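Written below as C-alpha cells is the structure these notes are about.
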Amino acid sequence: MDGNGRWAQRRGLKRTEGHAAGEEALFDTVEGALDLGIRWLTVDAFSTENWKRPTDEVRYLMGFNERILVKRRDEMNERGVRMRFAGRRDWRVPRRLLRHQDQSVELTQANRRMTFTIAFNYGGRAEIVDAVRALVSEGVPADKIDERAIRRHLYHPDMPDPDLMIRTSGEYRISNFLLWEIAYSELVFTEVLWPDFRREHLFDAVREFQARERRFGGIEDG
Ligand code: FPP
C-alpha cells in the first residue's frame, strides 16, 4: 500500500493524511477481492523497516491501525472475512494494538470466505530468521531442514503462496515483503498511488495476471 506520503505531499497535506486516505482504498479493494472470490488477501500495513520513520509518523500509524481495526472488524466479520496478522510481536508494538489484533482474530476466526492477513511489524527476512530459529530450538537436525520444514515454520504455514503480488506507486522493488512466499508469484506494478487505488485497479491487475503464462520453472505445456 505504497504512495500515501507522496499522495499527501502533492496536495500540500501532511503525510499522515495520505495514510488516512489509504483506508478507503484498502476497504474498496477488500470488497473487490470478495466480489472476485479471492480467498486469500495479504496487505503490508507496517514493515520492520518502518520503525525508521519519524516518531510522530510511527505513533500515528500505531493509532491509525488500532482505529481501523476497531472501526472495521465487525464489518469484516459480517462479510465472512477471517482476519489475521503476520509479523513480530515485539516490545515496540503497543500492547493495546496487540490486544485489538487478538480480538479481531478471535472475532473472525470461524470465517472462511476470505482470509485477510495484515502484515504488521513484518519483514520477509525476519520471518525466515524466525522459522530457522524455531527449527533450531525444536532441535531439528541440519539434514532434516528442507524447504518443507521451513515452510511449516513460517508465520502462517497454511497460507498458500500468493499467485499475484501488486505494488503501487511506481516503485519497482519487493522491499522485504513475503520473500519466501513470492518465489513464483506474478508481479504487477502500477503507477497508482495507494490512496487512489480502487477495486477496478485490482481487477486490472487480475486481468494482467490472467494473461501471463506461469511455468514454475518448467516448460510450456503441449
Ligand atoms: C506506505 O506509504 C503505507 C503505509 C506505511 C501504511 C499503510 C497502511 C494502511 C493504509 C492501513 C493499514 C491498517 C490496517 C488495520 C489494515 P508511504 O508512507 O511509504 O508512502 P510514500 O512511499 O509516498 O512515502
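A quick note: this is a predicted structure, and the numbers were derived from the prediction, not measured. Atoms within each ligand, like the ligands themselves, are counted from 1 in listed order.
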Looking at [Y], is [X] sitting on its ring face, NZ or CZ under 6.0 Å from the six-membered ring centre and within 45 degrees of the normal?
| X | Y | result |
| --- | --- | --- |
| Arg67 | Tyr60 | yes |
| Arg10 | Trp7 | no |
| Arg82 | Phe116 | no |

For [atom], the option (of [options]) bearing the nearest heavy atom:
| atom | options | value |
| --- | --- | --- |
| atom 19 (O) of ligand 1 | Arg72, Arg15, His19, Arg53 | Arg53 |
| atom 8 (C) of ligand 1 | Met1, Arg6, Arg10 | Met1 |
| atom 11 (C) of ligand 1 | Phe64, Phe197, Trp194 | Phe64 |

Based purely on interatomic distance, does [X] place a nitrogen or oxygen under 3.5 Å from a nitrogen or oxygen of ligand 1?
| X | value |
| --- | --- |
| Leu69 | no |
| Asp2 | yes |
| Glu171 | no |
| Leu26 | no |

Worksheet item: Does ligand 1 have any atom that is closer than 4.0 Å to a heavy atom of Ser169?
Response: no
Discussion item. Can you tell whether the side chains of Arg59 and Glu57 come within less than 4.0 Å, N to carboxylate O?
Written reply: no
Practice prompt. Identify whether the distance between the nearest side-chain nitrogen and carboxylate oxygen of Arg198 and Glu24 falls below 4.0 Å.
Written response: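 A salt bridge links Arg198 with Glu24.
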Discussion item. For atom 6 (C) of ligand 1, what is the closest protein heavy atom, and at what distance to 0.1 Å?
Written reply: Ala45 O, 3.5 Å
Practice prompt. Can you pull out the closest protein heavy atom to atom 7 (C) of ligand 1? Residue, atom name and distance to 0.1 Å, please.
Written response: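 Going atom by atom, the protein heavy atom closest to atom 7 (C) of ligand 1 ends up being Asn4 ND2, 3.5 Å.
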Worksheet entry | is_close_aromatic(Tyr122, Phe85), centroid dist under 6.0 Å | no
Interfacing atoms of ligand 1 (cut-off 4.0 Å, heavy-atom, [X]):
| X | value |
| --- | --- |
| Ile68 | 11 (C), 13 (C), 15 (C) |
| Asn65 | 12 (C), 13 (C), 14 (C), 15 (C) |
| Ile118 | 16 (C) |

Worksheet item: Just checking, any donor-acceptor pair under 3.5 angstrom between side chains of Thr48 and Arg88?
Response: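 Arg88 and Thr48 do not have a side-chain donor-acceptor pair below 3.5 Å.
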Fill in: Straight-line distance of Leu135 CG to His153 NE2, nearest 0.5 Å
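So the gap between those two atoms works out to 4.5 Å.
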Discussion item. Tell me whether the rings of Phe197 and His201 are parallel (<30°), tilted (30 to 60°) or perpendicular (>60°).
Written reply: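 Geometry flag for His201 against Phe197: tilted rings.
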